[in-house]
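Working notes, beginning with the structure itself.
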Amino acid sequence: MLRRSAQALVLTLTVAAVCPMGQIARALTPPDPAIDSPMFKDPYVEPATEVTAFAPRLKELWLAALDDPIADTRRLAADAIGQASELGMTTLADAGPRLADLLTKPDPEPLVRLAAAAALVRMNHRAAAPALLERAGADGTDMTLLADKALALWDYQPARAFWRKRLTNAAERRVLRRSAIESLGTVRDAQAFDDLLKIATQTPDDPGLALAAARAAGVTRPQDRRLDDEAKILSAGATPQRLTALALLETDNSPGAIELLTRFAADPEPAVAAAALRRLDAAQPDLARPLALTQLANADPTVREVSLRNVARGESTETITAITPLLTDPDVNLRRAARDALARLHPNPDLSAAVEQVAASSIHGEWRAREQGAILTALIGRAQAWPDMMPLLDDAQPQVRLAAAFSLRRLRAPESLPEVLSHVKKLIATAADLSKADQITRGKAAAESDSFDRTGANDRQPDKSVIDTSTAARLNHDTDYELAQLVQLLTLSDYQPADAVMLGMAPKHSVPWYRARAAAIWGLGKFHHGGDAGLETLLLARATDNSPTDPEVPEVRCAAIIALGIMKPAQAVATLRAMHEQPSEFPAVIAASRWSLINITGTPLPPDIRTNNEINWFLTPLQPGRKPQ
């Protein structure tokens with residue numbers, strides 16, 4: 001259990017953010033990206049700069065290993081050189097020719113040659129292009145596919161004839177023909193156009209190959225060459241043929257092509273309709289708009305998404321009317337996109353009233369509409385709507401409750417603060433009552449059970465007269481998000497009556513929500529920025545609680561450190577400096593300690609640079625004084 005918890009905490013440290021609390025938060029980014037948290041930006045805490053360090057003799061060892069008689073050693077050395085190059089090792093210039101030698105003077109082991117080729121590609125060693133091309137024709141499929149990608153990226157001209165020859169060889173393996181097609185399309189080889197078009201239009205038994213050829217033909221066609229006639233023939237076929245026709249029209253804006261795209265935009269196959277709408281929107285968005293309006297109700301979410309993108313660019317009441325139904329779309333990303341589109345229209349004085357009406361009516365609709373309506377209300381700053389948010393704090397849907405809390409925080413209406421504080425107190429009291437009831441229920445179950453059944457067969461359900469399961473369902477991480485938003489509102493509003501409640505949330509295990517506790521501690525620092533000896537002692541205890549058996553939640557530790565930095569107690573400097581200089585400490589704790597030290601002492605500190613020593617290579621130099629195992 002302890003090991004698993006430690007692993008989880010280490011995992012959270014990989015999350016990057018401008019605030020150290022954000023660096024270690026397991027889920028501090030709310031489900032909807034529109035819902036932010038000011039406590040992660042105020043103050044701004046500069047994260048550490050990570051640099052990768054390499055042992056001085058690594059390259060020397062790897063180059064020597066390229067001559068080792070054991071093939072696997074040579075292969076691993078080549079792979080290490082390529083990986084180190086990608087990680088930023090800057091001293092590998094002379095490794096390129098050595099790796100190229102494994103291709104020009106072929107190593108007897110195919111896997112070594114393949115590893116050398118892959119390393120050359122990772123190093124972007126373009127001088128190896130001739131050797132790569134030679135091995136591509138001699139070393140089989142894997143080498144050919146690897147070389148094709150690199151040579152196309154580098155646009156190595158001699159490779160074009162090699163690809164054209166493979167393109168027309170019907171006996172060639174399909175995967176290699178397709179790679180040649182894609183490579184010719186990447187370099188936009190005009191000489192291959194006729195052959196590409198032939199494959200696209202005359203290979204009905206291989207739709208994948210035909211589609212790849214059509215894409216390449218679409219980008220390699222001469223400027224005066226229209227493809228609408230060929231596309232029209234394909235348009236009468238099944239779905240794969242219609243998709244191939246669309247690919248041919250990728251760069252064709254002729255009247256015939258536009259006519260075909262218009263027809264495809266209403267295709268019953270969603271893949272065809274979405275691709276056509278996307279292409280038509282790029283070519284002639286005004287022509288695409290009427291079609292997009294009709295497709296907003298399409299059963300396929302991709303078609304609706306492409307249509308919404310087009311429709312949302314219009315600025316009219318008709319646009320608002322068309323977008324509003326998507327606030328209840330089954331696809332959450334479409335709901336958010338529709339809401340954000342409405343928010344973008346609000347600054348237009350001719351449309352602001354219509355957008356506000358949508359927000360006002362949505363919060364009385366079904367739960368998806370209530371969620372988006374509450375967030376929209378926050379985004380457009382409709383402050384007079386705060387009373388409508390209060391009932392939503394008790395909504396059955398956690399998404400709606402969080403949206404309402406976020407909206408109240410953004411609107412920051414002074415009149416809302418007493419009711420918000422009352423709601424916060426109610427949540428805390430409910431958590432305390434539930435905890436007691438849960439203990440009673442567990443005690444009864446244990447007393448009535450003769451033995452502990454590890455299969456769970458004897459587990460008893462809670463007595464609903466003792467514990468309200470609907471209330472229990474609310475006391476999860478969703479409530480944590482909600483309460484954190486409300487606590488931040490009270491803090492940003494400098495609502496001093498909340499001080500005692502927030503102080504009660506500061507001790508360990510005081511409430512079952514670590515986000516809300518972090519917000520409360522951040523708020524206490526703001527409230528008591530002039531200093532408070534008792535609070536400073538409590539915060540120091542939270543900041544330094546790194547017990548191996550029951551450590552403080554890392555987010556709370558960082559919040560306590562930040563709060564101390566805001567309050568500036570001189571007696572905290574030694575403790576903060578010790579944490580800042582402790583290499584084994586959480587990086588986020590070190591960053592927070594650095595900020596607080598600077599803020600308290602006024603003395604700048606050197607930039608926080610954390611060295612990442614790449615030590616897990618297959619071959620590394622011995623440390624001085626160490627003997628080989």
Side-chain angles (χ1 to χ4, degrees), residues 30 37 39 374 386-409 413-445 461-524 526-528 534-535 538-539 542 552-553 555-556 559-560 563:
S37 287
M39 67 178 181
W386 75 263
D388 294 328
M389 297 299 114
M390 296 305 303
L392 299 184
L393 291 178
D394 289 312
D395 198 275
Q397 287 293 134
Q399 298 95 323
V400 177
R401 298 198 301 270
L402 175 58
F406 164 70
S407 187
L408 285 164
R409 199 215 84 216
E415 304 88 347
S416 70
L417 301 179
E419 293 189 45
V420 167
L421 180 57
S422 177
H423 184 78
V424 169
K425 291 178 179 178
K426 181 178 71 173
L427 285 177
I428 294 173
T430 302
D433 291 342
L434 179 62
S435 178
K436 294 174 184 176
D438 188 43
Q439 291 175 19
I440 293 171
T441 304
R442 290 176 185 273
K444 286 183 177 180
Q461 295 297 318
D463 183 346
K464 292 187 178 180
S465 65
V466 178
I467 179 172
D468 183 350
T469 55
S470 64
T471 303
R474 287 199 51 183
L475 299 180
N476 52 23
H477 70 278
D478 298 310
T479 302
D480 198 1
Y481 285 124
E482 172 194 338
L483 190 54
Q485 288 289 320
L486 297 178
V487 170
Q488 288 177 86
L489 164 62
L490 297 170
T491 298
L492 295 169
S493 303
D494 195 25
Y495 190 60
Q496 292 295 325
D499 180 69
V501 174
M502 291 160 64
L503 185 61
M505 297 171 67
K508 185 193 285 188
H509 307 314
S510 54
V511 292
W513 306 294
Y514 69 90
R515 301 173 185 87
R517 284 186 65 218
I521 288 175
W522 171 76
L524 288 169
K526 294 282 190 180
F527 279 2
H528 298 272
L535 177 60
L538 186 154
L539 294 179
R542 296 302 90 234
E552 179 59 272
V553 179
E555 293 84 354
V556 174

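Side chains are part of it too, since the values below use all heavy atoms of this structure and drop only hydrogens, waters and symmetry mates.
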I want to check something: taking the side chain as every heavy atom from C-beta on, are Leu393 and Lys426 in contact at a cut-off of under 4.5 Å? no

Can you tell me how far CG of Leu392 sits from CZ of Arg401, rounded to the nearest 0.5 angstrom? 11.0 Å

Side chains of Leu490 and Leu486, heavy atoms from C-beta outward: is any pair under 4.5 Å? no

For the pair Asp478 (side chain) and Leu402 (backbone), establish whether a donor and an acceptor sit closer than 3.5 Å, ignoring hydrogens and angles. no

Rounded at 0.5 Å granularity, tell me how far CG in Leu492 sits from CH2 in Trp522. 4.5 Å

Heavy atoms only: give me the nearest Ser416-Ala413 pair and the separation to one decimal. OG-O, 2.6 Å

Counterpart residues, salt bridge (charged side-chain N to carboxylate O under 4.0 Å, His left out), relative to Arg542 (two or more places apart): Asp545, Glu552

Inter-residue atom distance Leu417.CG - Trp386.CH2, 0.5 Å rounding: 9.0 Å

Check whether any side-chain N or O of Arg517 sits under 3.5 Å from a backbone N or O of Pro512 as a donor-acceptor pair, and report yes or no. no

Got a sec, which residues hit side chain to side chain donor-acceptor pair (under 3.5 Å) with Asp499, two or more places apart in sequence or on another chain? His528

Please evaluate residues Asp494 and Gln496 with respect to the criterion side-chain contact (heavy atoms from CB on, under 4.5 Å), reporting the C-alpha separation (whole Å), side-chain torsions for both, the decisive distance (0.1 Å), and the verdict. CA-CA 6 Å; Asp494 195 25; Gln496 292 295 325; 2.7 Å; yes

For Ala520, side-chain contact (heavy atoms from CB on, under 4.5 Å) partners two or more places apart: Val487, Met502, Met505

For Ala518 and Glu555, the nearest pair of non-hydrogen atoms, with its separation, is CB-O, 4.0 Å

Among residues at least two apart in sequence or on other chains, which ones pass side chain to side chain donor-acceptor pair (under 3.5 Å) with Gln397? Gln399

Checking Asp480 side chain against Ala516 main chain: does a donor-acceptor pair fall under 3.5 Å? yes

Across all chains, not counting sequence neighbours, the side-chain contact (heavy atoms from CB on, under 4.5 Å) partners of Pro497 are Leu421, Tyr495

Please identify each residue that fulfils side-chain contact (heavy atoms from CB on, under 4.5 Å) with Ala484, with sequence neighbours left out. Gln488, Arg515, Ala519

If you take all heavy atoms of Thr491 and Gly523, which pair is closest and at what distance? OG1-CA, 3.2 Å

Can you name the nearest heavy-atom pair linking Ala374 to Ala404, along with the distance? CB-N, 4.1 Å

Pairwise side-chain contact, Leu408 with Met390, heavy-atom cut-off 4.5 Å (strictly under): yes

